[in-house]
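Every chain is numbered from 1, with letters handed out A, B, ... down the list of sequences.
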2 protein chains.
Amino acid sequence: MTAATGQGGGGEGRKSRRSRPRPERAKALIADVARAAGVSTATVSRALTAPDRVLEATRLRVLEAVRVLDYTPNAAARQLRAGRSRAILVVVPKRRNPPFFSEVLHGIDMELSAAGYAMLMGNLDSVDGKEDYLVDLVFGGHLDGAIVLSAAVPARDGRSILQAGIPVVAVCAGTGVAEVPTVVVDDTECTLAQTRHLIGLGHRRLLYIAGPKGNYNEVRRYRGFEAAVREAGLPREDVVRLEGDYVFRAGVEAGQAFLAMARRPTGVVATSDEVAIAFMKTIRAAGVRVPQDVSLVGFDGIEFADFVEPTLTTIRQPRFDLGATGARILLGLLGGESPPQPLTVLHGELVVRDSTAPAPLPRRGGS
Amino acid sequence: MTAATGQGGGGEGRKSRRSRPRPERAKALIADVARAAGVSTATVSRALTAPDRVLEATRLRVLEAVRVLDYTPNAAARQLRAGRSRAILVVVPKRRNPPFFSEVLHGIDMELSAAGYAMLMGNLDSVDGKEDYLVDLVFGGHLDGAIVLSAAVPARDGRSILQAGIPVVAVCAGTGVAEVPTVVVDDTECTLAQTRHLIGLGHRRLLYIAGPKGNYNEVRRYRGFEAAVREAGLPREDVVRLEGDYVFRAGVEAGQAFLAMARRPTGVVATSDEVAIAFMKTIRAAGVRVPQDVSLVGFDGIEFADFVEPTLTTIRQPRFDLGATGARILLGLLGGESPPQPLTVLHGELVVRDSTAPAPLPRRGGS
DNA sequence: TTGTAAGCGTTATCAA
DNA sequence: TTGATAACGCTTACAA
């Protein structure tokens with residue numbers, strides 16, 4: 001039913017296009033607009049990019065010509081001359097937690113596109129040369145700025161995108177480079193809240209399922225966990241740490257490790273919702289009850305956390321805001337504002353649902 | 001600890017940059033490389049873009065100079081002159097199903113970046129002017145091609161991106177325009193398989209939770225459902241259709257509607273995993289057992305489907321391949337190949353898990 | 001306020 | 001195979 005939009009012939013193999021005289025209906029140039037409006041190209045350019053530096057009447061005439069001719073400025077020419085591309089690179093870490101990052105990207109996209117900037121995606125993926133490619137993109141002047149969602153900044157031969165002279169902002173994780181404004185969640189406070197919540201429910205034997213070793217967030221989150229453990233005076237031997245990496249598989253493995261323990265913890269702190277969900281599935285399949293036998297707190301606040309059984313107590317990260325804030329900072333930098341505070345910390349919030357409950361009574365009736 | 005990467009001074013406001021003599025360490029130009037290699041700029045250009053049209057020895061000399069000077073060709077200049085940008089626009093529908101689309105995007109990205117193309121994201125989002133923005137991007141010559149993940153092709157004043165003269169490929173949904181090569185899953189076969197699976201288990205009263213009215217996939221999926229119903233000769237009054245839109249909320253609403261029914265279906269066909277998962281949570285919370293009382297089949301095959309309880313029987317879409325195949329087709333078109341078959345259909349696969357089981361015995365012991 | 005004209009850095013055409 | 005040189009389409013001093 002949809003009317004087929006005219007596209008010329010069917011599949012003619014566009015060959016006889018070499019001739020000069022009006023190739024059907026060539027793309028309008030600024031000169032065409034100038035002619036149609038009876039002004040110079042300079043005026044057209046000004047009418048379009050600096051409306052207040054042109055007479056109202058002229059401006060309207062130009063705009064009309066633009067409309068009639070369906071004129072769209074050529075991006076390459078504009079960029080070459082002006083030195084700006086209006087494109088931002090967003091570097092996404094090796095794919096993990098799509099539900100988490102997609103919302104951060106959403107926040108970035110909203111801000112950038114509202115300001116007229118295009119968003120280039122650069123996945124820091126498995127493929128060889130992927131990083132080189134990103135570096136070339138940046139040094140090729142193709143970009144006005146970059147937002148990195150990963151602690152790892154793309155680099156090649158020691159030449160990182162930080163040296164390209166474009167502003168860079170880090171979101172979700174710090175880069176370790178002082179000059180890069182960074183927007184993160186208060187990781188340490190969050191795990192502190194997670195752990196205190198469990199301890200407050202009477203849990204004394206805890207399991208911490210970590211993120212990747214050395215990971216920016218992981219390091220900070222573990223600090224919060226340890227602080228809570230210390231403040232509650234839990235004995236060292238009642239606290240277990242398992243390594244993980246934020247994804248499902250890690251949760252399954254942690255679950256298996258848990259099941260194999262002689263003296264199982266009753267409170268579990270997970271550093272991502274995916275891990276928590278996979279962990280929960282694994283131990284429940286083995287007959288462990290949540291939250292009766294074990295209480296579990298996730299981290300991230302993805303939507304799914306509210307659709308598993310039992311629903312997951314978790315930390316809700318301001319995902320959209322993380323992205324939007326980072327984008328705003330970058331736009332500020334591009335607009336010539338002086339660098340803002342180096343670190344912007346947004347707050348995560350504990351959302352209590354059904355996966356946590358008072359600790360089971362110690363040594364009584366349990367298997 | 002990470003060495004702060006030198007970035008020049010602090011914020012000097014780059015003023016005294018007009019002077020000729022080496023501004024610190026200016027970005028190398030093709031002329032610099034030519035000089036260093038003792039050849040002309042034309043030769044440098046050829047050495048870089050058409051290696052076989054230059055003497056091996058010269059090529060090596062040029063490459064060495066490139067390395068030494070850290071030369072990266074200016075993208076804008078290249079694009080202006082060559083008329084190609086090596087950038088592809090990917091149009092993503094109003095954000096829904098991040099876990100689904102992220103994998104499709106992954107497939108696209110792998111192919112594109114391997115071929116040296118950058119990927120611009122265009123979310124078809126709520127914001128006003130968002131679509132206009134995409135249209136401008138395309139008509140600005142900023143792009144060599146586009147992949148649309150949505151049946152809706154961005155347009156403004158009746159000027160759609162299809163008329164910009166760049167190749168466009170549709171993935172996941174058709175556009176209704178014959179000239180656009182399209183890659184989709186065999187929707188109808190998939191719902192046929194979903195429904196037959198339920199019917200084969202003895203279910204005679206079915207509920208179909210639809211996608212958005214008129215949606216490309218929805219229309220095809222419903223056909224498969226109806227075909228299966230017809231072939232089994234189920235009476236019309238035993239088949240219910242509820243409207244939905246692939247997201248959580250729709251599943252919750254469908255669940256509520258289900259609970260309110262006097263004579264409840266025992267088999268449920270959902271057209272997305274999100275909907276299935278939300279539906280399942282809603283009815284289980286009300287005491288309905290899955291799969292003992294109700295069997296449920298999802299659609300998409302997102303990872304989460306294997307982590308809910310019970311695990312979800314579903315259709316696994318070849319998400320990565322959908323994206324990768326679309327990207328390959330686009331790259332072919334960009335390479336001058338003649339248009340391929342207009343429609344490429346990939347196959348979805350029924351994955352049987354725990355949310356489906358034989359139908360409960362009719363009229364016996366039920367509430 | 002508007003017009004003139006000089007580039008922006010590369011690739012493609014044409015000779016050599 | 002290589003080199004000179006003219007575009008590519010726009011923005012921006014500078015002049016009028």
Separation of D/dC10 atom P from A/Asp32 atom CG, nearest Å, is 9 Å
B/Leu120 side chain near B/Val90 side chain, heavy-atom distance below 4.5 Å
no
Distance check needed: D/dC8 C1' versus A/Arg78 CZ, whole Å only.
16 Å
Could you tell me how far apart B/Gln79 (CD) and D/dG9 (P) are, to the nearest whole angstrom?
12 Å
Can you check the A/Arg86 CZ to D/dC10 C1' distance for me, whole Å?
15 Å
Report the distance from atom CG of A/Asn74 to atom P of C/dT10, rounded to the nearest whole Å.
17 Å
May I ask you to test the A/Thr344-A/Pro181 pair for a side-chain heavy-atom distance under 4.5 Å?
no
Rounded to the nearest angstrom, tell me the gap between atom CZ in A/Arg84 and atom C1' in C/dC8.
13 Å
What's the CZ-P distance between B/Arg35 and D/dA4, to the nearest Å?
13 Å
So, are A/Asp70 and A/Lys27 salt-bridged, with charged N and O less than 4.0 Å apart?
no
First of A/Ile30 and B/Asp52 reached from the 5' end of DNA chain D, by closest nucleotide
B/Asp52
Please list, for nucleotides 2-6 of chain C, all pairs of protein and nucleotide N/O atoms separated by less than 3.5 Å.
residue: C/dT2; atom: OP1; partner: A/Thr58; partner atom: OG1; Å: 2.5
residue: C/dT2; atom: OP2; partner: A/Leu55; partner atom: N; Å: 2.8
residue: C/dT2; atom: OP2; partner: A/Thr58; partner atom: OG1; Å: 3.4
residue: C/dG3; atom: OP2; partner: A/Ser40; partner atom: N; Å: 2.9
residue: C/dG3; atom: OP2; partner: A/Ser40; partner atom: OG; Å: 3.1
residue: C/dG3; atom: OP2; partner: A/Thr43; partner atom: OG1; Å: 2.6
residue: C/dG3; atom: N7; partner: A/Arg46; partner atom: NH2; Å: 2.9
residue: C/dG3; atom: O6; partner: A/Arg46; partner atom: NH1; Å: 3.2

In whole Å, I'd like the distance from the CG atom of A/Leu29 to the P atom of D/dT11.
12 Å
Taking side chain as C-beta onward, heavy atoms only, is B/Leu330 less than 4.5 Å from B/Val168?
no
With a 4.5 Å heavy-atom cut-off, do A/Ile161 and A/Leu134 have their side chains touching?
no
Can you tell me if the side-chain N/O atoms of A/Tyr71 get under 4.0 Å from OP1 or OP2 in D/dG9?
no
I'd like to know whether B/Glu64 forms a salt bridge (charged side-chain N to carboxylate O under 4.0 Å, His left out) with B/Arg67, so could you lay out the CA-CA distance, the side-chain angles of the two residues, the decisive distance to 0.1 Å, and finally the verdict.
CA-CA 5 Å; B/Glu64 175 59 14; B/Arg67 210 187 50 71; 3.2 Å; yes
